[in-house]
Q: 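Let me begin by handing over the structure; questions about it come next.
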Amino acid sequence: MNDLGSLVQQTADRVAGQGVGAVVAGLAGGTVEIRGAGRTGPGPAGGPPGPDTLFEIGSVTKVFTSLALARLDLAGAVTLDEPLADLLADALPAGVTVPAKGEQPIALRHLATHTSGLPRLPAGMLLPALFTPHKPDPYAHCTPKWLLASLGRTKVRTTPGRGFRYSNLGAGLLGLALAHRAGGSYEELVRREICEPLGLADTVVTPDAGQAARLAPGHTTGGRPVPGWELSGLAGAGALKSTAADLAVFLEAQLAAGTDDDSPLGPAVALTREVRHRVNPFAWMHLGWLGRRLHARQGGHLQIWHNGGTGGYRSIAAFDPEKRVGVVVLANTRRSVDTPGVQLLRTLQTAQG
């Protein structure tokens, strides 16, 4: 696609015009273009962002967590239908059990497809989140110990597997449980199962000194700097930081699944998309990813995606495995990047015929 670079640059310019800085990656026909726009912050210290600038990616972390689940399932370390309680049996505080509703226990696939029936946030977090939405890192106190103890106060709202209910708590518990089974931290799990096979050097929970120097500081929509989020025990729900360059490689692996036998994560990527839970007549959940098919008058294209947001960042990663196109949009501002990201994806889908 001859004008891929200009389309990517136009999107970056549009997003940066809404906030502080942005980096956009576009993938089409085996070509990748990454362009940045704006500045990472005001003043001489805020330079232009580029392919190796780190951003908090928020809930895009969830697709990494679910891919790690698929990897461990294929390795025989867990199964998709294994109860969460089995993984956490020796980690729960005395007297605390994993909540349940009816005879169906919460299984790992339920956590990855948001069908566990768990609430969106841990017990005791909803009201603070509603009344102090700009509080620095509202998840700071959610240590693994606190999170597991909170299960004693948590109620399952629907029978697991029955209905879709987006849950940061569920995704966080999935990351925590997988790391516990693997015998390490969530960051170590993602590094071993995903980053090392794909060569992702800048996808981390805790940046080293060199990466921290390349981390764009987060900002409100009005341009005020805000501190980052760590998410502690809920790391699997949104703690990763990454770059457009790394996420472009990650999307290339998604596009290669089923077409490239040499893709290191091909079987695991395929497994994430084999699981499909209907959300509504127009959309569904894979393991980690949301999917939808556009109406015929909109081209009938397939879109698989996830967005993310923390206190001072917004992100979206989206792709079409049929047209083999994808986009990544990262910005260090609180304003949504969903619309420009999806519009770029639709433009690339249409251009591919």
Side-chain angles (χ1 to χ4, degrees), residues 61-123 125 142-186 188-190 192-194 231-238 267-268 271-279 284-289:
T61 298
K62 292 179 174 70
V63 301
F64 284 81
T65 304
S66 294
L67 184 55
L69 167 62
R71 288 270 288 174
L72 293 182
D73 175 271
L74 292 174
V78 302
T79 68
L80 297 185
D81 292 314
E82 188 169 1
L84 172 65
D86 288 2
L87 277 73
L88 296 179
D90 62 347
L92 292 169
V96 174
T97 60
V98 173
K101 188 177 182 66
E103 297 182 358
Q104 174 62 58
I106 296 173
L108 301 184
R109 72 163 66 236
H110 299 146
L111 299 172
T113 57
H114 298 284
T115 57
S116 67
L118 289 168
R120 185 181 186 95
L121 296 170
M125 279 199 64
C142 294
T143 63
K145 182 178 180 180
W146 182 93
L147 183 64
L148 294 177
S150 77
L151 291 179
R153 306 185 302 275
T154 300
K155 293 183 179 180
V156 177
R157 310 301 175 85
T158 57
T159 301
R162 290 274 182 89
F164 175 83
R165 185 186 183 93
Y166 190 87
S167 176
N168 282 326
L169 171 59
L173 287 171
L174 177 60
L176 187 64
L178 294 177
H180 185 68
R181 174 62 61 85
S185 69
Y186 175 76
E188 290 167 341
L189 172 72
V190 171
R192 182 181 67 249
E193 298 297 334
I194 302 172
L231 281 90
S232 191
L234 286 167
L271 177 57
T272 63
R273 297 214 290 268
E274 287 171 11
V275 175
R276 182 168 166 146
H277 178 89
R278 179 66 61 178
V279 174
W284 60 88
M285 274 297 308
H286 292 300
L287 293 180
W289 293 101

Q: Please evaluate residues K62 and L174 with respect to the criterion side-chain contact (heavy atoms from CB on, under 4.5 Å), reporting the C-alpha separation (whole Å), side-chain torsions for both, the decisive distance (0.1 Å), and the verdict.
A: CA-CA 9 Å; K62 292 179 174 70; L174 177 60; over 6 Å; no
Q: Please report the closest heavy-atom contact between A68 and L178, naming both atoms and the distance.
A: C-CD1, 4.4 Å
Q: Say you draw a straight line from NE2 of H110 to CG of L173; how long is it, rounded to the nearest 0.5 Å?
A: 14.5 Å
Q: Once side-chain hydrogen bond (donor to acceptor under 3.5 Å, both in side chains) is applied, do any residues pair with H277, and if so which ones, sequence neighbours excluded?
A: none
Q: With sequence neighbours excluded, tell me which residues meet side-chain hydrogen bond (donor to acceptor under 3.5 Å, both in side chains) with T65.
A: Y186
Q: Would you indicate whether the side-chain heavy atoms of L231 and T61 approach each other to under 4.5 Å?
A: no
Q: Please name the pair of heavy atoms, one in P144 and one in S232, separated by the smallest distance, quoted to 0.1 Å.
A: CD-OG, 4.0 Å
Q: Applying side-chain hydrogen bond (donor to acceptor under 3.5 Å, both in side chains), name anything that partners T272, two or more places apart in sequence or on another chain.
A: none
Q: Quick one: side-chain contact (heavy atoms from CB on, under 4.5 Å) partners of D86, sequence neighbours excluded?
A: E82, P83
Q: If a pair satisfies salt bridge (Lys or Arg N to Asp or Glu O under 4.0 Å) and one of its residues is in residues 97-120, list it, with sequence neighbours excluded.
A: D81-R109
Q: With R273, which residues qualify under salt bridge (Lys or Arg N to Asp or Glu O under 4.0 Å), at least two apart?
A: none
Q: Measure the spacing between SG of C142 and CG of L176 and express it to the nearest 0.5 Å.
A: 11.5 Å
Q: Please name the pair of heavy atoms, one in L169 and one in P122, separated by the smallest distance, quoted to 0.1 Å.
A: CD1-CG, 4.0 Å
Q: Atom CG of L151 and atom CG of L84: how far apart are they, to the nearest 0.5 Å?
A: 7.5 Å
Q: Which pairs with one or both residues in residues 156-173 pass salt bridge (Lys or Arg N to Asp or Glu O under 4.0 Å), sequence neighbours excluded?
A: none
Q: Between V156 and A100, which heavy-atom pair has the shortest distance, and what is it?
A: CG2-N, 3.8 Å
Q: Could you tell me which residues satisfy side-chain contact (heavy atoms from CB on, under 4.5 Å) with A182, sequence neighbours excluded, listed by chain and number?
A: L189, R192
Q: For residues 64-100, pull every pair meeting ring-ring contact (aromatic ring centres under 6.0 Å, His included), keeping only residues two or more places apart or in separate chains.
A: F64-F250
Q: If you look at every heavy atom in S185 and A179, which pair is closest and at what distance?
A: C-CB, 3.6 Å
Q: Using side-chain contact (heavy atoms from CB on, under 4.5 Å) as the criterion, list what pairs up with L74, not counting sequence neighbours.
A: P267, A268, L271
Q: Could you pull out the closest heavy-atom pair between L80 and D73, with the gap in Å?
A: N-OD2, 3.1 Å
Q: Rounded at 0.5 Å granularity, tell me how far CG in L118 sits from OG1 in T154.
A: 7.0 Å
Q: Taking the side chain from H286 and the backbone from R276, do they hold a donor-acceptor pair closer than 3.5 Å?
A: no
Q: For S167, give me all partners under side-chain hydrogen bond (donor to acceptor under 3.5 Å, both in side chains), at least two apart in sequence or on another chain.
A: none
Q: Holding to side-chain contact (heavy atoms from CB on, under 4.5 Å), I want the full list of residues that pass it with A89, two or more places apart in sequence or in another chain.
A: none
